[in-house]
Amino acid sequence: MGSTFKNSCLVGLGAIAGVALTMQFSALAHKPVDAGMPLAELRQLADVYGVIKSTYVEPVEDRALLSEAISGMVASLDPHSAYLDPRAYRELREGTEGRFVGLGIEISESEDGYVEIVAPIEDSPAWEAGIKEGDLITQIDGQPVQGLPIDEAIKRMRGEPGSKVTLTIARKGSPMPLRFTIARGEIVQKSVKAKMVEPGYAWLRIAQFQEPTVDDMVARLRALYRDNPDMKGLVLDLRNDPGGLLPGAIGVAAAFLPKDAEIVSTNGQLPDSRQRFYGRPEFYMLRSGADPLATLPAAFKHMPMVVLVNTGSASASEIVAGALQDYKRATILGSQTFGKGSVQTIRPIGRDAAVKLTTARYYTPAGRSIQARGIVPDFPVDETAHGDGLNALRMREADLERHLSNDRDKEAATRQEDIEEQMRLWAEARAGKPVDYGSADDFQLAQALRHLKGQPVQLSRRSGKGVAEATLAQHAR
């Protein structure tokens, strides 16, 4: 029951357009294909195509049929390889640029199969129209959404700038459904937030790694340090960060590591997929110009740090956490990460389509494979003082069908006992409010601050311990 429940009910909170993946847009040399083509199988494919065209109950367009055949072939490899039709390819490029046309809402699937508003993006069309956190979308343009795949709901809400969409909303406390007609607009996603959460202690949140991430991070840290030159510690929050562009991850890690430190390496079938990436501008700058990290105060190279992660931390965020952990630069606190440690290379196909293909695995500087294992925190800490809530019920990479295996270490799917334990707390977790990251009620952030101050930390109940007596000074691996 637990596995079925996980598959059907839980979509990671905060996902805007599904799970973002660490990608490399490259033109790797193709490996020569063996001369001996499987002619019998190719003839069989042609025969099936002919039978469908001549026999299926309704006419099928050639382009649609061939597109689906390509999509199925690529999707059968692993969960992250995919054929990108023109629309999907365009949306992928928009997401990595931090811009897209839509309404500006973060959504997840509700327990009843509706689309739930996690939060409207500030100053977006949805924000200005009055959409609120916790609203349930029951219809899009008059069409029911219950049971609709989340990706399909996203497609229906996106469109051309200025075009309109009508959402029917069920809101707690409102006796009648509410209807909002909203004009779509360009949404600029801010992936970086930062503030002082206590005197001397800063909180830096990265929600996704995009093209502007490194520049935005430097600007916010400089501003904080300018106003707080006696800063004592920094919490880097990567919870629910699904990944993004590799250069962004390299730049973020390089900001806190020694000059020219190795950040991550890759290994795959092609020679060009066997690479090492270092904390140098050529690895994290996507455009020419001045190095943004050159203006970052030197204090951030040595300032005590804690990195917060959870099961929603994937891909690029795991690269950052793994590098900081290997160099003993920061203490990792939270729960084991998703384990998405594979490289997806985007190969354009024709003028407006592409194939997103898994071409390598990622390794931390110490040679640990991230794939299907993730980053294990130094201090396991639950989402709340009472348990890990919905976070423990999320699927991890090792739970996915056809996932790429870990080639260097033992991988572990979500433990059945964890699922069963958290199922008992499901009703309680659903009744509570989602964690507001960076707020006074953020339990994991509070534990991170305690650790920076040398105070005991309340460990996860699943760790078999009560309170961690280790402090930052004592915790030297």
Side-chain angles (χ1 to χ4, degrees), residues 12 15-31 70-98 100 151 191 208-211 213 241-250 263-277 283-284 286 312-320 322 337-350 352-364 369-374 395-407 411:
I16 295 175
V19 176
L21 307 170
T22 299
M23 297 167 291
Q24 293 177 310
F25 291 79
S26 67
L28 297 176
H30 289 274
K31 182 180 179 181
I70 296 170
S71 179
M73 177 170 58
V74 178
S76 69
L77 299 172
D78 69 81
H80 306 302
S81 293
Y83 169 67
L84 305 175
D85 61 22
R87 181 174 183 174
Y89 190 27
R90 182 178 67 252
E91 290 178 353
L92 176 72
R93 295 195 302 269
E94 290 173 348
T96 58
E97 293 167 358
F100 64 91
D151 288 345
S191 66
Q208 188 174 346
F209 292 90
Q210 302 167 340
E211 288 185 16
T213 295
D241 180 333
L245 292 179
L246 177 61
I250 294 173
I263 307 299
V264 68
S265 62
T266 63
N267 189 35
Q269 186 177 182
L270 293 175
D272 282 351
S273 66
R274 302 165 197 158
Q275 300 185 55
R276 294 184 182 276
F277 299 85
F283 291 102
Y284 58 77
L286 292 169
S313 305
S315 203
S317 54
E318 295 176 288
I319 289 172
V320 174
T337 62
F338 184 79
K340 197 275 170 182
S342 59
V343 182
Q344 277 65 53
T345 300
I346 307 300
R347 297 189 184 279
I349 304 295
D352 55 1
V355 170
K356 176 160 64 74
L357 200 64
T358 299
T359 55
R361 291 178 175 88
Y362 281 121
Y363 303 88
T364 71
S369 176
I370 296 171
Q371 177 59 22
R373 177 168 175 79
M395 295 188 73
R396 298 180 59 250
E397 177 81 9
D399 299 319
L400 301 178
E401 293 184 9
R402 305 186 313 276
H403 71 269
L404 190 67
S405 64
N406 186 300
D407 61 328
E411 61 187 68

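Computed from heavy atoms alone, side chains included, the values below leave out hydrogens, waters and symmetry copies.
For the side chain to side chain donor-acceptor pair (under 3.5 Å) test, residues two or more places apart in sequence or in another chain that qualify with Ser191 are Thr213. In this structure, Arg274 has no salt bridge (charged side-chain N to carboxylate O under 4.0 Å, His left out) partners at least two apart in sequence or on a different chain. Under the rule for a side chain to side chain donor-acceptor pair (under 3.5 Å), the partners of Asp78 that lie at least two apart in sequence or sit in another chain are Ser81, Thr358.
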| said: Pair Ile370, Ile319 - check side chain to side chain contact (heavy atoms under 4.5 Å, CB included), show working. | reply: CA-CA 8 Å; Ile370 296 171; Ile319 289 172; 4.1 Å; yes
| field | Val264 vs Phe283, side chain to side chain contact (heavy atoms under 4.5 Å, CB included): CA-CA, chis, key distance, verdict | value | CA-CA 11 Å; Val264 68; Phe283 291 102; over 6 Å; no
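Atoms CD and CG, from Gln208 and Leu245 in turn, are 8.5 Å apart once rounded to the nearest 0.5 Å. Residue Ser313 holds its OG atom at 11.0 Å from CZ of Phe338, rounded to the nearest 0.5 Å. Distance check: Arg276 CZ to Ile263 CD1 gives 12.5 Å after rounding to the nearest 0.5 Å. Here the CD atom belonging to Gln344 is positioned 11.5 Å from the CG atom belonging to Leu246, to the nearest 0.5 angstrom. Residue Lys340 holds its NZ atom at 11.0 Å from CG of Leu400, rounded to the nearest 0.5 Å. Atom CD1 of Ile70 and atom CG of Leu84 lie 11.5 Å apart (nearest 0.5 Å).
The shortest heavy-atom contact between His80 and Lys356 is O-NZ, 2.7 Å. Taking all atoms of both residues into account, the shortest heavy-atom contact from Ser71 to Tyr83 is CA-CB, 3.7 Å. Closest of all the heavy-atom pairs between His403 and Ala372 is CD2-CB, 3.9 Å. Of all the heavy atoms in Ser369 and Asp407, the pair that sits closest is OG-OD1, 3.4 Å. Looking at every heavy atom in both residues, Gln371 comes nearest to Ser405 through CG-O, 3.6 Å. Scanning all heavy atoms of the two residues, the minimum distance from Tyr284 to Pro247 falls at CB-O, 3.3 Å.
A 4.5 Å side-chain heavy-atom check between Leu77 and Leu357 finds at least one atom pair inside the cut-off. Side-chain contact between Pro348 and Tyr89: present, with at least one pair of heavy atoms (C-beta onward) separated by less than 4.5 Å.
In this structure, Arg373 contributes its side chain and Ala398 its backbone to no donor-acceptor pair below 3.5 Å. Judged purely by atom type and a 3.5 angstrom limit, Ser317 uses its side chain to pair as donor or acceptor with the backbone of Asp241.
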